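Predicted model only: the values in this text are computed from it and were never measured. Note on naming: letters A, B, ... go to the chains in the order of the sequence lines (proteins, then strands), and numbering restarts at 1 for each one. Values reported hereafter were calculated over all heavy atoms of this structure, with side chains retained and with hydrogens, waters and symmetry mates removed.
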2 protein chains.
Amino acid sequence: MKKQSIDHAQLLVLSLLAGEDMYGYQIIVELARRSDHTFEMKEGTLYPVLHGLERAGAVEAYQQEAPTGRMRKYYHITRKGTELLKTEEESWRSYSGAVNAVLRSSIGGLTLA
Amino acid sequence: MKKQSIDHAQLLVLSLLAGEDMYGYQIIVELARRSDHTFEMKEGTLYPVLHGLERAGAVEAYQQEAPTGRMRKYYHITRKGTELLKTEEESWRSYSGAVNAVLRSSIGGLTLA
DNA sequence: TAGTTTACCTAGACATTCTAGGTATGTCAA
DNA sequence: TTGACATACCTAGAATGTCTAGGTAAACTA
């Protein structure tokens, strides 16, 4: 049966990583920026998602020193992750399309008055 | 802080009821039909949602006999429910717009090749 | 040097949806 | 007429996804 809900955190993270390698903190900041602060993903949400994606082979992690001297843990999307992203994007399109279809179908009862 | 996810069952149910009064089973069937079977809401999801909406004063229930002689429990959306629907629709638009914005922003890394 | 930001992490709580069951009536085919 | 299927309502408990609320530590900044 079709999935009824979207694992939206996973979709968004994969989508960002498809653009460029990022580290956790950066993902949170970028997500807020690109969504005009609609998404303010919590660390308690993000890190488990990243670790899950890593376990699933969708991303790979590597350490890299920041200009500041601190170590950062960057994530790189794999081919497997790109496939996963494609199917999740498709799920999202189908899901959001269906919601919009239902909303449109009820407009008659709303404010045609 | 803004809600990070949509209570999609509630939004969809309210949206249907904004069009016309419906009974539970009908909501499930209509939802499947109007979403081209993307949504196949389970009874275990629907009934708790309906009861919650009733407790919240967003819908009112009444019994009515079907042509078959069976009793059906119809739900009617209240003014309060219509307000709720408006805010949830707005949440949905903002949420789906944000997802699309993030997806678009990463296209560069995807398949421009 | 104290506070804020950066940067990583986890356990447990909470919310939403599903699974899997229950009850009962109506319809239709074998 | 009986057995299967659709209709129609319901709930308890499991599973899933996200958040709260903590911990650790380095770097910047006032």
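Note on ring orientation: taking the six-membered ring where Trp is involved, the planes of Y62(A) and Y74(A) are parallel (angle under 30°, cut-offs 30° and 60°).
The two residues I77(B) and L17(B) have their closest heavy-atom pair at CG2-O, 3.7 Å.
I27(A) has its side chain within reach of L50(A): a pair of non-hydrogen atoms, C-beta onward, lies under 4.5 Å apart.
dT16(C) atom P lies 12 Å from atom NE2 of H8(B), rounded to whole Å. In this structure, the CG atom of L12(B) is 9 Å from the P atom of dT17(C), given to the nearest Å. Between the P atom of dT18(D) and the CD atom of E43(A) lies a distance of 16 Å, rounded to the nearest Å. dT18(D) atom P lies 11 Å from atom CG of L11(A), rounded to whole Å. Whole-Å rounding puts the Y95(B) OH to dT18(D) C1' distance at 12 Å. Whole-Å rounding puts the M41(A) CE to dT20(D) P distance at 13 Å. Following rounding to the nearest Å, H51(A) (NE2) and dT16(D) (C1') show an atom-to-atom distance of 19 Å. Here the C1' atom of nucleotide dC9(D) and the CE atom of M22(B) are 18 Å apart, to the nearest Å.
Distance from the side chain of K42(B) is smallest to dT19(C) among dA27(D), dC9(D), dT19(C). For Y23(A), the side-chain atoms get nearest to dC8(C) when compared with the rest of dC8(C), dT17(C), dT11(D). The side chain of P48(B) has dT11(D) as its nearest neighbour among dC8(C), dT11(D), dC19(D).
Checking the phosphate oxygens (OP1, OP2) of dC9(C), a side-chain nitrogen or oxygen of K73(A) falls inside 4.0 Å. Distances shown here put every side-chain N or O of Y25(A) at or beyond 4.0 Å from the OP1 or OP2 atom of dC8(C). An OP1 or OP2 oxygen of dC8(C) is reached within less than 4.0 angstrom by a side-chain nitrogen or oxygen of Y47(A). Listed pair R70(B) / dG26(C) fails the phosphate criterion, with no side-chain N or O lying under 4.0 Å from OP1 or OP2.
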Open item on the list: As a quick check of understanding, evaluate side-chain contact (heavy atoms from CB on, under 4.5 Å) for E20(A) and Q26(A), giving each step before the final call.
Closed with: CA-CA 11 Å; E20(A) 54 175 309; Q26(A) 182 185 10; 4.3 Å; yes
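Here Q26(B) lies out of heavy-atom contact (under 4.0 Å) with every strand. Using a 4.0 Å heavy-atom criterion, one finds that T45(B) contacts the bases of the nucleic acid, with or without backbone contacts as well. Base contact: G44(B) has a heavy atom under 4.0 Å from a base atom.
Rounded to the nearest 0.5 angstrom, S106(A) OG and L85(B) CG are separated by 8.0 Å.
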